[in-house]
There are 2 protein chains.
Amino acid sequence: MSKSNRSELSSDPEFLLITKALGVISGKWRLYIILLLGDQTLRYRQLSEMLPGVSEKVLASELKSLVALGVMKRTAYAEIPPRVEYSLTRKGQLALPILRKIQEIGQIFN
Amino acid sequence: MSKSNRSELSSDPEFLLITKALGVISGKWRLYIILLLGDQTLRYRQLSEMLPGVSEKVLASELKSLVALGVMKRTAYAEIPPRVEYSLTRKGQLALPILRKIQEIGQIFN
DNA sequence: CTGTATCCAAGGAGATACTG
DNA sequence: CAGTATCTCCTTGGATACAG
């Protein structure tokens, strides 16, 4: 990383990229949820069961954020009872290999 | 990521790795600071000048955390005025290529 | 020069009850 | 089944003054 002195970090393109990336992965559960989904398609209930200890409110808002960020897509079926499925978007799948690499960082510092 | 149902996520080794990794990179400035340092050795003042808008308290506590995590090492010289140099540890250098990759995630979601 | 000590505000995360 | 709505913390990040 080379740096020319700017008066504001917010005008540094690299800083903006890093901030964007952190938006995708940071949060206590966010990265874990993405890796958990992986290449699968899962229903809300399935995700919820795979995340014991994560409250409804937290899971729902994380999923909503991930959809807004363009990481996941949400597909709702007009059935009763309701069925909603989550899967990674194309962008999410593109990022997946790098996201998996992040676990290696955990290994290095163990 | 395959999941067997455990009652607690905290007993899932993958969750622990991810949490550890997040500890290294998450925080508004942490990842940026690591990449900024890169292969160089820099003094406190140099880092401070490269991070306009980051207060002394925040920079100092981030550096302290990074040292505690084993990402950076701190070398103090018994001189007047004091001189302190920061550089990546071996582990930090090991992680560096992956950390750089994280910027690509920012690119994907731009 | 290289940091600490305080105090404060804002947002993230959690518990619980309720709804379409 | 798939979420919202509230209400509470708790932690992170920031401003500023001070210290070794």
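Since this is a predicted model, take the numbers as computed values, not measurements. The analysis underlying the following values was restricted to heavy atoms, covering all of them including side chains, and did not include hydrogens, waters or symmetry mates. Chain identifiers are assigned alphabetically (A, B, ...) following the order of the sequence lines, protein sequences preceding nucleic acid strands; residue numbering begins at 1 within each chain.
Taking atom CD of A:Gln46 as the reference point, atom C1' of D:dG3 lies 16 Å away to the nearest angstrom. Going from atom CD1 of A:Ile25 over to atom C1' of C:dG12 covers 16 Å, rounded to whole Å. One interatomic measurement links the two molecules: OH of A:Tyr32 to P of C:dA13, which rounds to 16 Å at whole-angstrom precision. Per the geometry, CE belonging to A:Met72 stands 16 Å off C1' belonging to D:dA2, to the nearest Å. B:Arg30 has its CZ atom 13 Å from the P atom of D:dG14, to the nearest Å. Rounded to an integer number of Å, the gap from CG of A:Leu31 to P of C:dG12 is 17 Å. In this structure, CD of A:Glu56 is placed 17 Å from C1' of D:dC7, rounded to the nearest angstrom. When the P atom of C:dG14 is taken as reference, atom CG of B:Leu9 falls 10 Å away, rounded to whole Å.
Linking Ile, Leu, Val, Met, Phe, Trp and Tyr whenever their side-chain heavy atoms come within less than 4.5 Å puts A:Ile108 and B:Leu88 in one cluster.
Within a 6.0 Å sphere centred on NZ of A:Lys101, heavy atoms belonging to other residues, nucleotides or ligands number 12 at most.
Residues of residues 58-68 of chain B that place a heavy atom closer than 4.0 Å to DNA chain D, in numerical order, are B:Val58, B:Glu62. Remark: A:Pro82 in residues 76-88 of chain A come within less than 4.0 Å of DNA chain C through at least one heavy atom.
Partner of B:Leu31 under the side chain to side chain contact (heavy atoms under 4.5 Å, CB included) criterion, chosen from A:Thr19, A:Leu22, A:Ile25: A:Leu22.
Between the side chain of A:Arg74 and the backbone N or O of A:Lys64 there is no donor-acceptor pair closer than 3.5 Å. Side-chain atoms of B:Glu62 do not come within 3.5 Å of backbone N or O of B:Leu59 as any donor-acceptor pair.
Using a 4.0 Å cut-off, some side-chain N or O of A:Lys28 falls inside it from OP1 or OP2 of C:dG14. Here B:Trp29 does not reach the OP1 or OP2 of D:dT12: none of its side-chain N or O atoms lies under 4.0 Å away.
With no hydrogens or angles considered, a side-chain donor-acceptor pair links A:Tyr44 and A:Glu56 at under 3.5 Å. Between the side chains of A:Tyr77 and A:Glu85, a donor-acceptor pair is found at a separation under 3.5 Å.
Atoms CG and CE, from A:Asp12 and A:Met1 in turn, are 6.0 Å apart once rounded to the nearest 0.5 Å.
With C:dC1, C:dT16, D:dT16 as the choices, the nucleotide that has an atom nearest any side-chain atom of B:Arg43 turns out to be C:dC1. Checking D:dC1, C:dA15, D:dA15 against the side-chain heavy atoms of A:Arg45 singles out D:dC1 as nearest.
Here the closest non-hydrogen pair linking B:Phe109 and A:Ala95 is CE1-CB, 3.8 Å.
Counting atom types as modelled, B:Lys57 pairs no side-chain N or O with a base atom of D:dA15 as donor and acceptor under 3.5 Å.
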